[in-house]
Amino acid sequence: MSIETRKRVLECYIEPILMYGCEIWIISKQTRGRLEATEMWFLRRMMRIPWIAKKTNHTVLSETKTKRALINQIRKRQATFFGHIMRRERQEHLVTTGMFMGRRGRGRLREKTTDGLASWLGVGSTVEMIKITRAHDVWRGMIANAMRHGTG
């Protein structure tokens, strides 16, 4: 099979299985590293490069004529899902924003999906991001801009 056909098989059959339910993942540094390693492992297996071969990731990417795209695809899915939930304004909205009565738990604040999305989109705060979701065209433009720049 040609490299292009192998890449299409990877995109059609493997990536959807990998990204199942990624709309609610919290991408920490550790998770990001594992996802990038998995993406490179897929490419190396596709090119039949043994694990003992001394090839850098940059070399593998140039041989396959691709760029790292898995993290950006996950972030795009998260952003579109988040915009959909925020515009609906139902119970999912309350769960996602975390506005419940009661006391906060002890210890360090947990990392939230909204914080990761805000940094990826280049928005100052999550409150500002929630306000932007109301304007569907502006929201889609922000997602497209973030996809082009490929920020983490």
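Just so we're clear, the structure is a prediction, and the values are computed from it rather than from any experiment. FYI, the numbering just counts along the sequence from 1.
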*Asks:* How many angstroms lie between CG in L43 and CD1 in I3, if you round to the nearest 0.5 Å?
*Replies:*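 Here the interatomic distance stands at 10.5 Å.
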
*Asks:* Return yes if some donor-acceptor pair links the side-chain N/O of E128 with the main-chain N/O of V123 below 3.5 Å, else return no.
*Replies:*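 Flag not set: sc E128 to bb V123 has no pair under 3.5 Å.
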
*Asks:* So, for R134 and M86, which heavy atoms are closest and what is the spacing to 0.1 Å?
*Replies:*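 Looks like NH1-O, 2.8 Å.
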
*Asks:* Evaluate side chain to side chain contact (heavy atoms under 4.5 Å, CB included) for M142 paired with M129, printing each intermediate quantity in order.
*Replies:* CA-CA 10 Å; M142 284 181 67; M129 185 174 65; 6.0 Å; no

*Asks:* So, do R48 and R6 sit near enough that their side-chain heavy atoms are less than 4.5 Å apart?
*Replies:*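 Heavy-atom side-chain distance check passes, below 4.5 Å.
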
*Asks:* Determine whether M47 and T64 make a side-chain contact, defined as any pair of heavy atoms from C-beta on separated by less than 4.5 Å.
*Replies:*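 They are in side-chain contact.
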
*Asks:* Are W120 and I71 packed together at the side-chain level, in the sense that at least one heavy-atom pair is separated by less than 4.5 angstrom?
*Replies:*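 No, too far: nothing below the 4.5 Å cut-off.
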
*Asks:* Give, for atom CD of E63 and atom CZ of R44, the distance between the pair rounded to the nearest 0.5 Å.
*Replies:*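 Between E63 CD and R44 CZ, I get 9.5 Å after rounding to 0.5 Å.
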
*Asks:* Return yes if some donor-acceptor pair links the side-chain N/O of T38 with the main-chain N/O of R34 below 3.5 Å, else return no.
*Replies:*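 Yes, because the side chain of T38 sits within donor-acceptor range (under 3.5 Å) of the backbone of R34.
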
*Asks:* Measure the shortest side-chain to side-chain distance between V9 and C12 over non-hydrogen atoms and say whether it is less than 4.5 angstrom.
*Replies:*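 Not in contact.
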
*Asks:* Group every Ile, Leu, Val, Met, Phe, Trp and Tyr by side-chain heavy-atom contacts under 4.5 Å, then state whether I85 and I26 land in the same group.
*Replies:*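 No, I85 and I26 fall in different hydrophobic clusters.
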
*Asks:* Whether R68 and E36 form a salt bridge (side-chain N of Lys/Arg under 4.0 Å from carboxylate O of Asp/Glu) is what I want to check.
*Replies:*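 R68 and E36: salt-bridged.
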
*Asks:* If I take atom CG from residue L18 and atom CG from residue L70, how far apart are they, to the nearest 0.5 angstrom?
*Replies:*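 Spacing of CG (L18) from CG (L70) equals 5.5 Å.
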
*Asks:* Roughly how far, to the nearest 0.5 Å, is the CD1 atom of I14 from the CD atom of E39?
*Replies:*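 So the CD of E39 and the CD1 of I14 are separated by 13.5 Å.
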
*Asks:* Check step by step if side chain to side chain contact (heavy atoms under 4.5 Å, CB included) holds for R75 and L121.
*Replies:* CA-CA 9 Å; R75 288 290 190 198; L121 291 169; over 6 Å; no

*Asks:* Does the side chain of T56 come under 3.5 Å of the side chain of T59 through a donor N or O and an acceptor N or O?
*Replies:*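 Distance-only check passes for T56 and T59.
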
*Asks:* Other residues, nucleotides and ligands only: do more than 12 of their heavy atoms fall within 6.0 Å of CZ on F42?
*Replies:*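 More than 12 within 6.0 Å, yes.
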
*Asks:* Going through the distances and angles, do T133 and H84 end up as a side chain to side chain contact (heavy atoms under 4.5 Å, CB included)?
*Replies:* CA-CA 8 Å; T133 58; H84 174 71; over 6 Å; no

*Asks:* Which distance, rounded to the nearest 0.5 Å, do you find between the NZ of K55 and the CE of M40?
*Replies:*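 It is 11.0 Å, given to the nearest 0.5 Å.
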
*Asks:* Apply the test side chain to side chain contact (heavy atoms under 4.5 Å, CB included) to residues L35 and W25: give CA-CA distance (whole Å), side-chain angles for both, the deciding distance (0.1 Å), then the verdict.
*Replies:* CA-CA 12 Å; L35 287 170; W25 291 353; 4.1 Å; yes

*Asks:* If you round to the nearest 0.5 Å, how far is CE of M46 from CH2 of W41?
*Replies:*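 Separation between the atoms: 12.5 Å.
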
*Asks:* Please check if atom NZ in K7 has more than 12 non-hydrogen atoms from other residues, nucleotides or ligands closer than 6.0 Å.
*Replies:*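 Above 12, so yes.
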
*Asks:* Should the pair K65-E4 be classified as a salt bridge under the 4.0 Å nitrogen-to-oxygen rule?
*Replies:*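 No, K65 and E4 are not salt-bridged.
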
